[in-house]
A.B. asks: 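The structure is given below, and queries will be raised subsequently.
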Amino acid sequence: MEFMEFNHHPVRTHYKVWQPPLLNHKPTTSPPSPVHVHIDFLHQTTHRFYNRPYHDHDNLRRHPELIATSRPPPSKSSICIPAHSFKSYPTASHRIVSRVLANLRVHPPSQDLVADRVVIGGRRYIDSVSNMGRRVISVRVDVRTVRVHVRDEREWVVRGLMESVSEEERRGGGGMAAANAEAVRGLKRKRVVEDGGESCRVCLEEFVKGEKVTCMPCRHVFHEGCIKTWLGTSHCCPICRFKMPTAD
């Protein structure tokens with residue numbers, strides 16, 4: 001059995017940079033040196049799989065339906081870097097944090113933004129009165145990524161139609177035979193009188209009121225461009241297999 005492929009869609013990334021509660025610590029006026037910042041990273045990825053169905057009975061494309069959710073174990077990492085590396089920009093801390101985010105497979109377009117927030121947060125925590133006298137300042141970075149995957153049944157309907165044409169014409173021994181150009185030019189055309197009715201069975205898009213469509217002799221209706229492209233490679237109707245005259 002062949003499973004439909006999922007197309008990858010834009011990734012959403014959420015993040016939080018925060019300092020865990022300080023326990024049993026009394027601020028002093030003379031902080032020891034050197035001070036380090038210990039950063040714990042956690043990256044949680046959620047995969048959401050959607051199916052965009054094509055309902056043949058009414059020719060309407062529906063909104064994607066959530067069919068599965070996957071949440072692998074989170075990725076974790078920790079680093080400890082000198083506090084002075086946070087003092088200038090671009091900072092050594094920014095480069096180090098960016099490498100950690102890349103190793104955790106955080107979405108690349110989000111890595112710089114998260115690293116910026118970590119550096120800004122680190123500076124704030126270093127200068128905080130509540131952290132005076134601490135040799136190690138703890139910081140947490142939580143990154144949540146949602147990856148959306150969608151499979152579109154419409155693409156597979158079109159692929160199935162094309163494959164059925166190829167298979168049938170291979171069995172007939174004639175290969176893919178284009179329709180006669182004069183016969184294609186002679187196909188009747190009409191205008192769509194209302195929305196929400198039929199749809200083109202080549203591209204599977206609904207017809208729009210007022211647009212011109214092309215009628216095959218078997219009375220099946222298509223977008224003009226769609227059916228011309230189809231008949232350029234096959235002389236058979238995509239729906240009922242009605243045979244048009246061939247180019248020969």
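It should be emphasised that the depicted structure is a prediction, and the values quoted were computed from it without experimental measurement.
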A.B. asks: Does R99 reach the side chain of I96, with side-chain heavy atoms less than 4.5 Å apart?
C.D. replies: yes
A.B. asks: Which residue in the set R12, H43, R105, Q44 passes side chain to side chain donor-acceptor pair (under 3.5 Å) when paired with T145?
C.D. replies: H43
A.B. asks: Calculate, to the nearest 0.5 Å, the distance between atoms CZ and CG belonging to F41 and L101 respectively.
C.D. replies: 5.5 Å
A.B. asks: Are any of the side-chain nitrogens in K87 or D127 under 4.0 Å away from the carboxylate oxygens of its partner?
C.D. replies: yes
A.B. asks: Which heavy-atom pair separates V192 from V208 by the least distance, and what is that distance?
C.D. replies: CB-O, 3.5 Å
A.B. asks: Quick one: are V139 and W18 in side-chain contact, heavy atoms under 4.5 Å?
C.D. replies: no
A.B. asks: Which heavy atom of P82 sits nearest to which heavy atom of H36, and what is that distance?
C.D. replies: N-CD2, 3.6 Å
A.B. asks: Quick one: salt bridge (Lys or Arg N to Asp or Glu O under 4.0 Å) partners of D40, sequence neighbours excluded?
C.D. replies: R140
A.B. asks: Which pair of heavy atoms, one from G232 and one from A178, lies closest together, and at what distance?
C.D. replies: O-CB, 3.2 Å
A.B. asks: Look at the side chain of W230 and the backbone N and O of C236, then say whether any donor-acceptor pair between them is shorter than 3.5 Å.
C.D. replies: yes
A.B. asks: Who are the side-chain hydrogen bond (donor to acceptor under 3.5 Å, both in side chains) partners of T46, not counting sequence neighbours?
C.D. replies: R71
A.B. asks: Check whether any side-chain N or O of S93 sits under 3.5 Å from a backbone N or O of S85 as a donor-acceptor pair, and report yes or no.
C.D. replies: yes
A.B. asks: Taking all heavy atoms of D112 and all of S98, pick out the closest pair and write down the distance.
C.D. replies: OD1-OG, 4.1 Å
A.B. asks: Check residues 212-229 and write down every donor-acceptor pair under 3.5 Å in which the side-chain atom is one partner and the other belongs to a residue at least two apart or another chain.
C.D. replies:
unit_1	atom_1	unit_2	atom_2	d
H223	NE2	E211	OE2	3.4
E224	OE2	R189	NE	3.2
E224	OE2	R189	NH2	3.2
E224	OE2	K228	NZ	3.2
T229	OG1	G225	O	2.9

A.B. asks: Measure the shortest side-chain to side-chain distance between Y15 and V141 over non-hydrogen atoms and say whether it is less than 4.5 angstrom.
C.D. replies: no
A.B. asks: Please examine the side chains of S70 and F49, heavy atoms only from C-beta on, and report whether any two atoms are closer than 4.5 Å.
C.D. replies: yes
A.B. asks: Check whether R191 reaches the backbone of G210 with its side chain - one donor and one acceptor, N or O, closer than 3.5 Å.
C.D. replies: yes
A.B. asks: Does R48, at its CZ atom, have more than 12 non-hydrogen atoms belonging to other residues, nucleotides or ligands within less than 6.0 Å?
C.D. replies: no
A.B. asks: If we count only N and O atoms by modelled type, under 3.5 Å, do the side chains of H47 and T69 hold a donor and an acceptor together?
C.D. replies: no
A.B. asks: Report the distance from atom CG of L42 to atom CG of D142, rounding to the nearest 0.5 Å.
C.D. replies: 5.5 Å
A.B. asks: Any sub-3.5 Å donor-acceptor pair from N131's side-chain atoms to Y125's backbone N or O?
C.D. replies: yes
